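Here's the structure, in structure tokens; my notes come after.
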Amino acid sequence: MVQAGGMDAAMKEKATRPAIKNEAANKLRNDRGTVAMARTAEPNSATAQFFINVKNNAALDYGVGGPGYAVFGTVIEGMDVVDRIVAVPTTSKGGHQDVPVTPVVIKHARVEGAAQAPAGAPAESIEKPAPARPASMPRRN
């Protein structure tokens with residue numbers, strides 16, 4: 001997996017909002033190309049860190065490995081870029097393993113089909129679209 005979102009390029013932890021509830025019971029699978037929330041051993045501890053699955057990771061799914069890791073999106077374009085990130089040389093730094101020797105910074109990402117909040121409205125007021133479903137995942141009824 002490629003993990004991001006929690007540290008800046010200097011490996012300084014970013015400020016976050018309060019942790020959110022683990023929604024892994026949505027039963028979306030941690031398949032290649034899905035994006036999921038990273039968390040600690042406490043299931044409801046996800047804040048800013050997320051990861052992109054670069055292979056199928058069934059052990060991270062709800063009920064398989066316990067409370068699971070909530071999938072909330074899918075890479076729909078640019079998986080080749082994710083694969084190139086995986087190939088970047090890594091080292092240990094500041095107590096963390098597999099840190100890129102040269103920082104990798106995501107400069108742009110976009111949400112397809114996302115609703116926009118009116119000017120000045122809190123993000124929480126946006127109606128959330130259903131999460132994208134990987135092509136390999138059957139529809140739920």
Side-chain angles (χ1 to χ4, degrees), residues 1-140:
M1 70 181 61
V2 171
Q3 188 163 330
M7 309 249 176
D8 64 18
M11 293 298 293
K12 182 180 177 197
E13 195 167 329
K14 294 179 179 180
T16 65
R17 293 183 178 178
I20 61 172
K21 180 179 181 277
N22 184 357
E23 295 180 350
N26 66 17
K27 306 237 177 167
L28 295 176
R29 296 190 304 237
N30 281 279
D31 288 341
R32 177 176 163 78
T34 59
V35 184
M37 291 303 298
R39 60 172 176 77
T40 67
E42 162 56 41
N44 300 313
S45 62
T47 55
Q49 292 190 50
F50 63 94
F51 59 90
I52 302 169
N53 286 292
V54 297
K55 67 174 190 152
N56 294 346
N57 283 311
L60 303 179
D61 292 344
Y62 177 78
V64 175
Y69 292 78
V71 170
F72 66 89
T74 303
V75 176
I76 57 173
E77 185 179 325
M79 197 61 192
D80 59 316
V81 175
V82 176
D83 290 333
R84 289 196 317 259
I85 293 170
V86 172
V88 169
T90 62
T91 188
S92 294
K93 187 174 187 181
H96 299 280
Q97 297 175 334
D98 297 321
V99 177
V101 173
T102 302
V104 175
V105 178
I106 299 172
K107 292 184 178 180
H108 179 79
R110 68 177 180 269
V111 177
E112 293 288 321
Q116 298 295 317
E124 293 79 18
S125 68
I126 300 173
E127 184 178 327
K128 309 291 189 280
R133 184 180 355 279
S136 64
M137 179 173 285
R139 290 193 173 274
R140 295 187 315 226

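Starting from 1, each residue takes its place in the sequence as its number. Because the structure is predicted, anything quoted here is derived from the model rather than measured.
- For the pair Gln3 and Ala38, the tightest heavy-atom approach, listed with the atom from each and the gap, is NE2-CB, 3.7 Å.
- Without hydrogens or angle criteria, Arg32 side chain to Val54 main chain gives a donor-acceptor distance under 3.5 Å.
- The shortest distance between side-chain heavy atoms of Ile52 and Ile85 does not fall below 4.5 Å.
- Every side chain to side chain contact (heavy atoms under 4.5 Å, CB included) that Thr90 has, sequence neighbours left out, goes to Asp98.
- With sequence neighbours excluded, the residues forming a side chain to side chain contact (heavy atoms under 4.5 Å, CB included) with Pro103 are Ala9, listed by chain and number.
- Closest of all the heavy-atom pairs between Asn57 and Met1 is ND2-CE, 4.5 Å.
- Going from atom CD1 of Ile20 over to atom CZ of Arg17 covers 11.0 Å, rounded to the nearest 0.5 Å.
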Exercise for the section: List the steps, then state whether side chain to side chain contact (heavy atoms under 4.5 Å, CB included) holds for Val35 with Val75. Expected result: CA-CA 7 Å; Val35 184; Val75 176; 4.1 Å; yes
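- Put simply, NZ on Lys14 and CD on Gln49 are 9.5 Å apart, with the number rounded to the nearest 0.5 Å.
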Exercise for the section: Check the pair Thr34 / Leu28 against side chain to side chain contact (heavy atoms under 4.5 Å, CB included), numbers first and verdict last. Expected result: CA-CA 9 Å; Thr34 59; Leu28 295 176; over 6 Å; no
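- Under 4.0 Å is where a charged nitrogen must lie from a carboxylate oxygen, and between Arg110 and Glu112 at least one such pair does.
- Here the side chains of Val2 and Val86 are in contact, with some heavy-atom distance below 4.5 Å.
- In this structure, Met79 CE and Glu77 CD are separated by 13.0 Å, a value rounded to the nearest 0.5 Å.
- Here Glu23 contributes atom CD and Asn44 contributes atom CG; the two are 9.5 Å apart, rounded to the nearest 0.5 Å.
- The two residues Ile106 and Ala4 make their nearest non-hydrogen contact at CD1-CB, 4.2 Å.
- Across all their heavy atoms, Pro67 and Asn22 have their closest contact at O-ND2, 3.4 Å.
- No donor-acceptor distance shorter than 3.5 angstrom exists from the side chain of Arg29 to the backbone of Val71, with no hydrogens or angles considered.
- Between Ala70 and Ala24, the shortest heavy-atom contact is CB-N, 3.6 Å.
- Ser45 places a side-chain N or O within donor-acceptor distance of the main-chain N or O of Thr40, the cut-off being under 3.5 Å.
- Considering all non-hydrogen atoms of both residues, Met11 and His96 come closest at CE-CD2, 3.6 Å.
- Here Gln97 pairs with Ser92 under the side chain to side chain contact (heavy atoms under 4.5 Å, CB included) rule; sequence neighbours left out.
- Atoms OH and NZ, from Tyr62 and Lys27 in turn, are 6.0 Å apart once rounded to the nearest 0.5 Å.
- Between the side chain of Asn30 and the main chain of Tyr69, a donor-acceptor pair closer than 3.5 Å is present.
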